[in-house]
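Numbers here simply count residues along the sequence, with the first being 1. In this text the structure is predicted, and so the values were computed from the model without any measurement. Just follow the structure's listing: the first ligand is 1, and inside any ligand the first atom is 1.
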Amino acid sequence: MVIRDAHTRRQVLKAAIGGAAGIVLGEPAFAASPLRRGQAASGTAATQQLSDDLFLVTIPGETNVLAQTTRGGVLLVDGASAAGADALIRAVTALPGGGPVHTLFNTHWHPEQTGSNEAVGKAGKAIIAQENTKLWLSTDVTWSWNQKRFKRLPKIAQPNKSFYTSGKLESGVQYGYIPDAAHTDGDLYVYFPQQNVLAVGDVVSGQGWPVVDWQTGGWIGGIVGGLQRLQTIANADTRIVPGRGPVLTLADVKKQSEMYGEIYNRLATMLNKGRGPSEAVEAKPTKEFDAQMGNGDEFVRRSFESLWAYLSPDA
Ligand SMILES: [Zn+2]
């Protein structure tokens with residue numbers, strides 16, 4: 001019930017900030033968005049073996065996919081975009097011990113993660129997601145900042161095993177909700193205890209500034225909270241698979257959590273002084289990190305808008 005209340009509250013918040021966000025609609029579209037459909041999706045998959053049965057599969061233009069080969073087929077954490085789904089299925093079939101997919105985790109609702117849902121659903125296999133992810137996949141979403149529209153998935157492609165807090169497969173694989181709203185309000189992790197590998201989707205970005213999707217609940221405070229939470233799940237030897245970029249360690253996540261904590265403080269200070277998103281962008285609150293992370297303007301604007309959603313007194 002708490003989660004349903006949160007959903008209702010967010011609808012109200014969205015309505016409240018929708019008008020304010022309209023100010024930035026004249027800005028150029030998010031041309032550098034990593035959420036753009038991967039044009040290079042027909043490229044050849046690369047695989048990195050993390051253990052006997054775990055493989056990081058990367059297809060050009062697609063986000064990371066973690067594949068576990070088991071006696072009964074393959075478990076996937078995320079399923080590429082619709083454009084990359086065929087290449088992914090070919091890649092996981094060709095893995096040593098590979099085969100048909102029996103379980104697919106959606107770390108969140110974004111199309112970069114859910115493009116294989118339809119094929120897996122039609123095959124009658126399990127699609128596991130947090131309840132909020134299922135809700136987003138069963139409704140149309142429009143991003144207020146660039147009017148990008150996302151159609152709901154057909155019923156057969158929607159998660160058929162949703163959960164609220166956590167769960168465990170018979171194989172011992174553990175999964176759980178990351179309730180901080182780091183990227184969306186439906187983020188999940190999948191932990192493979194025997195291999196000590198933790199897949200976290202876009203809660204961690206291993207490559208450039210993340211998308212702050214406040215339309216579906218994500219916010220800069222959630223990034224900080226999510227990164228702190230992951231440090232309680234992972235240990236020093238855990239290999240952490242982010243949605244994008246190379247495999248990370250606990251030390252990498254700790255470093256990121258400090259960086260986002262600092263940026264959060266700077267933005268919150270500006271919010272408290274009555275500043276707006278454009279002033280926040282001009283203040284360059286990410287400047288000492290941009291050489292490593294890339295231009296932070298879009299990230300700062302979305303992050304600031306996300307503060308409106310969560311911290312504004314009238315929100
Ligand atoms: Zn995402």
Side-chain angles (χ1 to χ4, degrees), residues 10 29-38 41 56-59 61-66 76-85 88 104-117 127-137 139-146 148-153 157-159 175 177-190 198-220 222-227 230 240-245 248 253 256 260 293-294 298-299 301-303 305-306 309:
R10 200 188 46 250
F30 195 174
S33 170
L35 284 168
R36 200 171 42 178
R37 285 283 167 100
L56 173 57
V57 181
T58 45
I59 297 166
E62 298 288 333
T63 58
N64 287 335
V65 173
L66 186 61
L76 294 181
V77 182
D78 284 332
S81 71
L88 176 64
L104 169 65
F105 282 95
N106 293 154
T107 58
H108 58 291
W109 71 269
H110 286 156
E112 288 74 10
Q113 276 72 33
T114 51
S116 298
N117 279 33
I127 305 173
I128 305 177
Q130 206 277 338
E131 185 65 22
N132 287 345
T133 292
K134 183 181 177 177
L135 289 173
W136 289 123
L137 287 172
T139 187
D140 296 347
V141 175
T142 303
W143 280 348
S144 301
W145 52 89
N146 62 6
K148 188 169 176 174
R149 301 185 64 156
F150 303 92
K151 287 290 289 176
R152 75 189 70 189
L153 292 188
Q158 291 169 17
Y175 54 95
Y177 185 32
I178 304 171
D180 310 277
H183 185 60
T184 70
D185 64 9
D187 302 326
L188 68 74
Y189 69 83
V190 183
L198 177 66
V200 296
D202 286 338
V203 168
V204 180
S205 172
Q207 203 170 64
W209 295 110
V211 170
V212 183
D213 181 0
W214 55 254
Q215 195 85 46
T216 63
W219 76 300
I220 176 74
I223 296 176
V224 178
L227 289 167
L230 292 180
I240 298 164
V241 179
R244 295 182 172 78
L248 303 173
V253 168
Q256 280 209 17
Y260 288 109
M293 301 290 288
E298 201 66 40
F299 167 73
R301 188 175 292 277
R302 292 289 92 72
S303 294
E305 291 165 1
S306 80

Practice problem: Using 2.8 Å as a strict upper limit, say whether an N, O or S atom of Asp213 approaches the Zn ion (ligand 1) that closely. | Solution: no
Quiz item: Taking the six-membered ring for Trp, is the centroid-to-centroid distance between Trp143 and Phe150 below 6.0 Å?
Solution: yes
Quiz prompt | N/O/S atom name from Asp202 that is nearest to the position of the Zn ion (ligand 1) | solution = OD2
Practice problem: Only counting residues at least two apart or in another chain, list the ones meeting side-chain contact (heavy atoms from CB on, under 4.5 Å) with Gln256. | Solution: Val204, Leu227, Leu248, Tyr260
Exercise. Could you pull out all residues at least two apart from Val212 that satisfy side-chain contact (heavy atoms from CB on, under 4.5 Å)?
Key: Ile223, Phe299, Arg302, Ser303, Ser306
Exercise. Can you tell me, to 10 degrees, how wide the angle at the Zn ion (ligand 1) is between NE2 on His183 and NE2 on His108?
Key: 100°
Quiz item: Closest N/O/S atom of His110 to the Zn ion (ligand 1), by atom name?
Solution: ND1
Exercise. Please say which of Asn106, Thr63, Thr107 ends up in a side-chain hydrogen bond (donor to acceptor under 3.5 Å, both in side chains) with Asp78.
Key: Thr107
